[in-house]
Amino acid sequence: MASEVNTDFLQDKKLDSIAADILRPVGITQGFVVWMGFLGISLMGCIYAYSIQWDKGLIVTGLRDYTSWGMYIANFVFFVATSLVGMLISSILGLIGFKWVKPIARIAEIIAVAFAAVAGLVIIIDMGHPERLGNVFLYGRIQSPIVWDVTVVITYLTISILLYFLPLIPDLAISKGRMNHTPKWLQNLYEVMSVKWQHTPEQYRLLMKAIRILLILIIPTAFAIHTVTSWLFAVTLRPGWDSTIFGPYFLTGAFVAGSAAVVIVMYFVRSNYKLDKYLTNHHFDMMGKLLVLVSIVYLYFNINEYLVPAYKMKTAEAIHLHDLFVGEYAVMFWSVQLLGLVLPIILLLFSFFRKPFSMLIISIVVLVAAWFKRFLIVVPTQDHPFLPKQYVPQAWMVYQPTVIETAITVGTLLLVLIIITILVKFFPVIPIWEMAEEQHELDHKSQK
Amino acid sequence: MSQNSKDASPDHGNLEHGSTNSRRDFFKNFGLFGAVAAAGGAAIYSGYNYEETKPGANFVRVLTADNRIIEVPKEGFKDIKVDLNQLQKQGREGLKGHRFVMVIDLAKCRNARKCITACQGAHHLRPHEYHINTLVMQESEHTAPYFMPKPCQHCDNPPCVAVCPVDATFKRQDGIVLIDNERCIGCRFCIAACPYSARLFHWEEPLMAEADKGTPYNVELNVPQRKGTISKCLFSSDRLREGKLPYCVSACPNGVYYFGDENQDSVTNGTTKETFRLSELLKVNAGYQLMPELGTKPRVYYLPAKNRLFEFKDDKDPVKSI
């Protein structure tokens, strides 16, 4: 990413056409109203489900003393995982200098913000006393990984919001006068949010500097957030969680889920907003290659995580692995590993499958599998504590997620979709000024 | 005032003095009158009170600690206000100079489950909510099965305490691990961390939530229990404060439990009330700890299930009995 910005692109006529293309879908449309109405009404039902849980307690879930972390915690891990893609694309790939990530970077940041924000909410939903959340700050104990997790989740969310918002400022200023098709309040909002941006070279210099600092800062933060999330499990003594590679195992898995999420959003943005010019087949091809790369790395960690204990078959580990490989969870386990990891790797090695539509299908499968993968990490381990489960009711013996629990989980997913929809619909989804600048540079070079 | 009287002439001073005197006299007189009035009022009031509390009017029979039945006027009753802050303070401090320890003799356990019911009664728990549970154990196919009572191990290196984000569960100087349900946020990290499955969570409104309403929370008894928080074995620290043995230890009909103080190197059997040297008891009977390889350093010792004088009969189906 260039640290110097040549502001000549502002005079370039190409800017007008780029801005027109990207701003055209911004605003309230009929499709948006229907989609948001659907999400909103469904969310109401899920909020009602939570009100029941608030009233009656966590008894309305399938959780009991032995399996006391279930769908909510799996969902939390999934959300944190998916949000990490913001760091991978804007930061790691951006800083290395891959130009193709430019139009995708904002989509990645939107996913980061949406998932990280709701992840915090998911963990609150799982608490027995959500109104006591303040205790974590009042009486927080530094040796508890939950305190580390709260700290890094908040930090990551803050940096992600800044990384979404800062590059948006010039776009908001550019949009002034080009937004006549949108409601007045949105134009006013742009006016406020563009913080009197004047497009001076000095402003761009400072902006680039700030973004660069944030892009560097977010790398250790993102590593920390998911490593610490994995430590919620790895610091315990339980077979299946008691693993030294949980940090990198979670981290690499996160990139798989996140890349798939980016592809899905890219696809719908491209097809709904007719932005084929900016999100080209080349971008899908590159995302396909990225997905193969991160999936192979993740597969490598999976082999380590399962093969090594399976070779030794220590008593407690053996019970756990037996459950996964041939027991109760075998169908879910092999579906996730084969359909969600091995098959996508094989398919995406061929350029034939790295086309937008097939990428969409593969990414949906990968993302769904990623959710179930988190479930397989969280739940089966608790099924087999060191000491036998005896003299308890049947509900204590097996974890069976309830309708209410599922509805609340679906609600958190809806909330993510709502945040993504709002950000995608009300603000330029592709960085206008960066596209214009790049175009200007290209033209300039060809003229020379 | 004093500055004035110094500067002024003696005459003036006298005058001033005189006037002060008269003012003081006035107050004195008024005070006297006041005292008389108060005494009179008190007399009338006590007379009224006497009428109200005359023998036979409002008396209640009370059994004293030394087994006498006495009659006490109802009006003389006074609620003892137990202060939550005081309970919390003493509960977190623990009992100075002690290191409590439990020894469980597996050779004697017949799964009478009296320890469990005594515990659940004291802590207002449901039949499937265990601070202590008796498990049917069998190490391998060809070894004899045995019953194993399993309370919280009150580890000296407690994984549950390490992971608690808000210091709701804590280790006291007397070795006991407690849970403060006034502080607990219900994240259940401690349940995930505990290798002995010693903790329970109140998924629903606790058994006696209604009846316990208004009772000040005693962290040493963990009553009132609270929905959405953790509960666990407390080594009956409320009983220890009174110098008594824990509920489970006293309730056992089979002499399974020994309880005592590591500092004094003595433990008392809850059934026979015999006292033994802790070190001797463990040495002679080959005492051991549960999963010591995990590094948790439990404060509960087990004596092996050898020489059982009764037949092992697990007539209670572990799952369907509830």
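To find a chain, count down the sequence lines: A is the first, B the second, and so on, and within it residues start at 1.
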Flag, side chain of A:His129 to backbone of B:Lys227, donor-acceptor distance under 3.5 Å
yes
When you measure from the centre of the six-membered ring of B:Phe201, is the NZ or CZ of A:Arg64 closer than 6.0 Å and no more than 45° off the axis?
no
Most contacts with chain A, counted as non-hydrogen pairs under 4.5 angstrom, among B:Leu135, B:Val161, B:Thr229:
B:Leu135
For the OG1 atom of B:Thr169 and the CZ atom of A:Arg141, what is their distance to the nearest 0.5 Å?
9.0 Å
So, does B:Asn133 use its side chain to make a donor-acceptor pair with the main chain of A:Gln390 at under 3.5 Å?
yes
Under 3.5 Å, is there a donor on one side chain and an acceptor on the other for A:Tyr139 and B:Asp180?
no
Could you give the distance from OH (B:Tyr130) to OH (A:Tyr391), rounded to the nearest 0.5 Å?
8.0 Å
Who among A:Gly140, A:Pro130, A:Gly128 has the most heavy-atom pairs with chain B under 4.5 Å?
A:Gly128
Verdict with supporting geometry, A:Leu232 and B:Val163, side chain to side chain contact (heavy atoms under 4.5 Å, CB included):
CA-CA 9 Å; A:Leu232 296 181; B:Val163 299; over 6 Å; no
Given heavy-atom pairs under 4.5 angstrom as the criterion, report whether the side chain, backbone, both or neither of A:Gln143 touches chain B.
both
Side chain of B:Arg188, backbone of A:Trp69: donor and acceptor closer than 3.5 Å?
no
Residue selection (most heavy-atom pairs with chain A, distance under 4.5 Å) from B:Pro165, B:Pro159, B:Cys164, B:Ser197
B:Pro165
Quick one: pull up CD1 in A:Ile124 and CD1 in B:Ile185 and give me the separation to the nearest 0.5 Å.
10.0 Å
Under 4.5 Å heavy-atom distance to chain B, tell me which part of A:Leu63 shows up: side chain, backbone, both or neither.
both
Side-chain heavy atoms of B:Thr296 within contact of A:Leu237, under 4.5 Å:
yes
Chain A shares the most heavy-atom pairs under 4.5 Å, among B:Glu182, B:Met148, B:His202, with B:Glu182
Using non-hydrogen atoms only, which part of B:Leu290 is less than 4.5 Å away from chain A: side chain, backbone, both, or neither?
side chain
Shortest non-hydrogen contact from B:Cys194 toward A:Arg238
O-NH2, 3.8 Å
Approximate separation, where rounding is to 0.5 Å, of A:Phe386 CZ and B:Leu294 CG:
5.0 Å
When rounded to the nearest 0.5 Å, the distance separating SG of B:Cys187 from CG of A:Asn135 is 11.0 Å
Checking A:Trp148 against chain B: side chain, backbone, both or neither under 4.5 Å from a heavy atom?
neither
Could you measure the distance from the CG atom of A:Leu387 to the CE atom of B:Met137? Nearest 0.5 Å is fine.
5.5 Å
Contacting moiety of A:Val136, where chain B heavy atoms sit under 4.5 Å
both
Can you tell which of B:Ala193, B:Gly228, B:Gly295 has the highest number of heavy-atom pairs within less than 4.5 Å of chain A?
B:Gly228
Within the 4.5 Å heavy-atom criterion, are A:Pro385 and B:Tyr196 side-chain neighbours or not?
no
Structural part of B:Ala192 lying under 4.5 Å from a heavy atom of chain A
both
More than 12 non-hydrogen atoms from neighbouring residues, nucleotides or ligands closer than 6.0 Å to OH on A:Tyr48, yes or no?
no
The interface call for A:Asp55 against chain B, heavy-atom contacts under 4.5 Å, is backbone
